[in-house]
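Take a look at the structure below.
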Amino acid sequence: MSSTGTASGESRIDQLRESIETDFTTTTWVLIPLGIGINAIGGFIASTLKLPLFLDNIGTMLLGILAGPWAAALTGGLANIVQAMLGNPVQLAFMPVPVAIGLVTGFLARSGWFDNVKKVVVPAIVLTLVATIIATPIVVLVFGGVTSSGTSLVTATLVASGRSLVESAATAQILVELVDKGGSAFVAFFIAKSVPSRYLPPQGQDIFS
Amino acid sequence: MADQDMTIYQPGESILHKMNPVTEVVLATALSLVVFILNDYRVPLALALVMLALLFVARVHRLVLKLYVAVAVPFAFFLLLIQGILLTPTDPTPLLTVGPVTVWQSGFEQARLIFLRISVLILAFLLFATTAQPQRLRVALMEKGVPSKLAYVFIASLQIIPEIRNRATAITEAQQARGLDTEADVRTRLSSIVALLAPLLISTLIVANTRALALNARGFQATGERTYLYDVPDPTGERVLRYLSGVAVLGAIAWRVIA
């Protein structure tokens, strides 16, 4: 019994290792810096178009759609470290959020939720919830409920109306994430779709062919 | 060319610049963890003061203080507003009353603790980012066993951001010349995101394919030992310092559990 147990355990680890290894072709390794670059450029695009969004996870989501969950998680995590090197270390505390966004986008893309525009509604909602659930405890415990100025104003208003800090921070967070992460999911889908398939890595070709 | 990136690294000769970058990362992470584990505001206060002194030792104070103030001032304002004034206090002892506004004692203490903790986090990592040269960091990481591909990705990201930014500016101008309206209604502007990002992604993907071929031709997938252009020393003293910082984190956890 025990020997079969360990054997199946090992094969599960092997499967996981294989799943991770197939994500990381040389093309993927080259795509990751591009994803991080696109994350960093999201804010620039948002301010050019005068939209009240962060759009700082589009690159992570794109990697999730095009190259798979593991590469996307790495992109999200590294993007935060890169931001710290560029003079924005506060984001380091939020590192679990982009890592989770990468994983979730990648697995949803693999199970076909980025096949057409109607289906993207599901990833948009799931990503909003995932981001809120992970970000809210960080906002409350690490930052005492304070994030960027806009979100903090919403939180402050809700606290002033007598709600608890956790409830207020979670409400403010879900409002922001719904617009930002939900919107980003659609943007990532449309961008990935507009890429000619011969430039796509394997997973992207599977999804958009 | 290799040094052309967007990092806030400031060249210098100070003791922090000469330190092994890995030691700096470990110290910054350990100190940030310690201040969040401990509940006493005097620990982050003391550490923040030490780091302020180090800023002047490393001669990076002008840039770091500018970045720090830009984050810390609005943060302090909202923190005091939410924690000190708006949140109903568990212990209603007023600290200060100005007209209809009351700052609560317990809320103020909580805000002070959180503010000092975040200050330590920001200052520690800004000190690291301004004094650790990216290429030295890459070599030091690889010598500590970080896979070479991961190290490549890290440095490539730092270098690619200005390139992507230039490309994004060019694409924005080109699309505006074709009639992209940045003053239109929200719906139109939202759909314009794709008009800006799609050409950016496609053009960088083409570059990525070329880059992948070039990297493979230069032995990117090769296994075996690498030789480095830079030599990053790792003296025993720094090794001890890294172990001590680990011990400090464990000690803080133990203290928190016991006390």
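These figures come from a predicted structure and were not determined experimentally. Just so it is clear: chains get the letters A, B, ... in the order the sequence lines come, proteins before strands, and each one is counted from 1.
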Separation between [atom1] of [X] and [atom2] of [Y], rounded to the nearest 0.5 Å:
X	Y	atom1	atom2	answer
B:L55	B:R62	CG	CZ	13.5 Å
B:L197	A:S194	CG	OG	9.5 Å
B:L141	B:S148	CG	OG	12.0 Å

B:F154 and B:V146, any side-chain heavy atoms less than 4.5 Å apart: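 No, side chains not in contact.
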Heavy-atom side-chain proximity of B:R112 to B:L116 below 4.5 angstrom: yes
At a 4.5 Å cut-off on heavy atoms, which part of [X] comes close to chain A: side chain, backbone, both, or neither?
X	value
B:F36	side chain
B:Y68	neither
B:E183	side chain
B:L200	side chain
B:T172	side chain
B:I193	both
B:F77	neither
B:L215	side chain

Distance-only polar pair, side chains of B:R178 and B:Q175, donor-acceptor under 3.5 Å: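 Their side chains do contain a donor-acceptor pair, which is all the 3.5 Å distance test asks for.
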A:E18, CD: over 12 other non-hydrogen atoms inside 6.0 angstrom: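 Open.
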Atom NZ of B:K149: over 12 foreign heavy atoms under 6.0 Å: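 Counting neighbours around NZ of B:K149, more than 12 heavy atoms of other residues, nucleotides or ligands fall under 6.0 Å, so yes.
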Could you have a look at [options] and say which one has the most heavy-atom pairs with chain A under 4.5 angstrom?
options	result
B:V71, B:I160, B:I85, B:L137	B:I160
B:L67, B:I118, B:V194	B:I118
B:I206, B:T130, B:L213	B:I206
B:L63, B:V64, B:L190, B:T188	B:L190
B:L150, B:L81, B:D181	B:L150

Tell me the closest heavy-atom pair linking [X] and [Y], and the distance in Å.
X	Y	value
A:A169	A:V140	CB-CG2, 3.8 Å
B:F115	B:A76	CE1-CB, 3.7 Å
B:S32	B:V35	O-CG2, 3.2 Å

Please flag which part of [X] lies under 4.5 Å from any non-hydrogen atom of chain B: side chain, backbone, both or neither.
X	answer
A:I38	both
A:L78	side chain
A:F186	neither
A:A84	backbone

Candidate list B:Q10, B:E24, B:H17, test side-chain hydrogen bond (donor to acceptor under 3.5 Å, both in side chains), partner B:T131, passing option: B:E24
Tell me which of these, [options], has more heavy-atom pairs under 4.5 Å with chain B than the rest.
options	value
A:T28, A:V142, A:V82, A:I36	A:V142
A:A93, A:A192, A:P89	A:P89
A:N39, A:I41, A:L66	A:I41
A:V90, A:I32, A:L165	A:L165
A:G87, A:G37, A:G145, A:A46	A:G87

A:F143 and B:F78 aromatic centres sub-6.0 Å: no
